[in-house]
Amino acid sequence: MRSYKAVVSALAILGIFPFLFATYLNLANDTFLGKSGVTLFAAYGAVILSFLGGTIWGRLIELPESRNGAKLLICSFVMVFLAWFSLLLKTPELSVVLLLLSLISIFWIDARWLKQANNQKPFYTSLNFGLTSATSIMHLLVLYPHY
């Protein structure tokens, strides 16, 4: 079986850079292409949260049916829907708060309910924890100047 650990790690780390850039713009009170750092951060956060929701769907579909499977699919959908809905609020700071809560919820679903699938892939769980932690800190840094 082919291992994609190196590719997954590289892409995951590269995926942090837009968050870092948007966090920098926000803290520097600067813009990029006429958009503030908090707006860019919220937009990219919604994209990433959608990706994470999709990975949960993909892993659940591969698992044998369980009594929690439908609930997890619905929870994942609700988190992604909230992320995209938050972008319509025209209050990027509120979007970032909802995205942070959704990100933590997606991680919790992954760590708690998909534990049996993750036990076979401890690399993924460790990577996910590290990335979620770093991204959560950046969410708080983006919110700090506004509150």
Side-chain angles (χ1 to χ4, degrees), residues 1-63 71-147:
M1 183 176 214
R2 178 176 280 176
S3 175
Y4 294 107
K5 286 182 183 179
V7 174
V8 168
S9 296
L11 293 175
I13 291 168
L14 288 173
I16 291 289
F17 284 105
F19 280 122
L20 287 170
F21 179 65
T23 301
Y24 166 76
L25 285 176
N26 184 65
L27 294 174
N29 202 21
D30 206 352
T31 62
F32 181 74
L33 299 175
K35 301 292 182 189
S36 69
V38 68
T39 300
L40 293 171
F41 192 95
Y44 186 65
V47 170
I48 291 301
L49 202 62
S50 297
F51 174 79
L52 292 173
T55 61
I56 285 178
W57 276 57
R59 293 204 343 265
L60 274 171
I61 289 170
E62 289 182 1
L63 292 176
K71 292 177 197 171
L72 296 176
L73 290 172
I74 292 168
C75 286
S76 172
F77 174 80
V78 168
M79 294 300 112
V80 171
F81 182 78
L82 282 175
W84 285 97
F85 175 76
S86 75
L87 297 179
L88 301 175
L89 298 176
K90 296 187 180 186
T91 309
E93 297 82 12
L94 181 57
S95 295
V96 172
V97 170
L98 289 173
L99 290 165
L100 175 60
L101 294 173
S102 295
L103 179 70
I104 291 168
S105 297
I106 289 279
F107 176 77
W108 185 78
I109 289 169
D110 191 50
R112 169 79 169 101
W113 295 106
L114 295 176
K115 189 188 302 186
Q116 69 274 10
N118 289 342
N119 284 341
Q120 299 167 3
K121 301 172 187 171
F123 158 78
Y124 176 78
T125 304
S126 298
L127 180 67
N128 192 5
F129 177 75
L131 294 171
T132 300
S133 299
T135 307
S136 295
I137 290 168
M138 284 185 264
H139 277 75
L140 296 174
L141 286 172
V142 166
L143 290 171
Y144 176 73
H146 301 282
Y147 295 102

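The analysis underlying the following values was restricted to heavy atoms, covering all of them including side chains, and did not include hydrogens, waters or symmetry mates. These figures come from a predicted structure and were not determined experimentally.
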Show me, pair by pair, the donor-acceptor contacts under 3.5 angstrom made by side chains of residues 42-52, not counting sequence neighbours?
from: Tyr44; atom 1: OH; to: Gly15; atom 2: O; distance (Å): 2.9
from: Ser50; atom 1: OG; to: Ala46; atom 2: O; distance (Å): 2.9
from: Ser50; atom 1: OG; to: Trp84; atom 2: NE1; distance (Å): 2.3

* Under the ring-ring contact (aromatic ring centres under 6.0 Å, His included) rule, collect the residues that match up with Phe21, sequence neighbours excluded. => Phe32
* Asked: When rounded to the nearest 0.5 angstrom, what is the spacing between CG in Leu87 and OG in Ser95?
  -> 5.0 Å
* Going by atom types alone, do Thr39 and Ser36 pair a side-chain donor with an acceptor below 3.5 Å? -> yes
* May I ask you to test the Asn26-Leu141 pair for a side-chain heavy-atom distance under 4.5 Å? => no
* Go through the steps to decide whether Leu103 and Leu99 satisfy the test side chain to side chain contact (heavy atoms under 4.5 Å, CB included), and finish with yes or no. => CA-CA 6 Å; Leu103 179 70; Leu99 290 165; over 6 Å; no
* Asp30: side chain to side chain contact (heavy atoms under 4.5 Å, CB included) partners, not counting sequence neighbours -> Leu25, Ala28
* Structure fact -> Value for CG (Leu33) from CG (Leu40), rounded to nearest 0.5 Å, stands at 7.5 Å
* To do: Measure across Ser86 and Leu98 and return the closest heavy-atom pair with its distance rounded to 0.1 Å.
  => CB-CD1, 3.6 Å
* **Aromatic plane relationship, Phe41 with His139 - under 30° parallel, 30 to 60° tilted, over 60° perpendicular** => perpendicular
* Identify the two heavy atoms, one from Met79 and one from Ser105, that lie closest to each other, and give their separation to 0.1 Å. => SD-CB, 3.4 Å
* How many angstroms lie between CZ in Phe85 and OG in Ser102, if you round to the nearest 0.5 Å? -> 12.0 Å
* Structure fact -> dist Thr135:OG1 -> Leu100:CG (nearest 0.5 Å) comes out at 10.0 Å
* Identify the heavy atoms of Phe77 and Trp57 that sit nearest to each other, and give their distance. => N-NE1, 4.2 Å
* Straight-line distance of Thr132 OG1 to Ile137 CD1, nearest 0.5 Å -> 11.0 Å
* Indicate the atoms forming the closest heavy-atom contact of Ile106 with Gly53, along with that distance. => CD1-CA, 4.3 Å
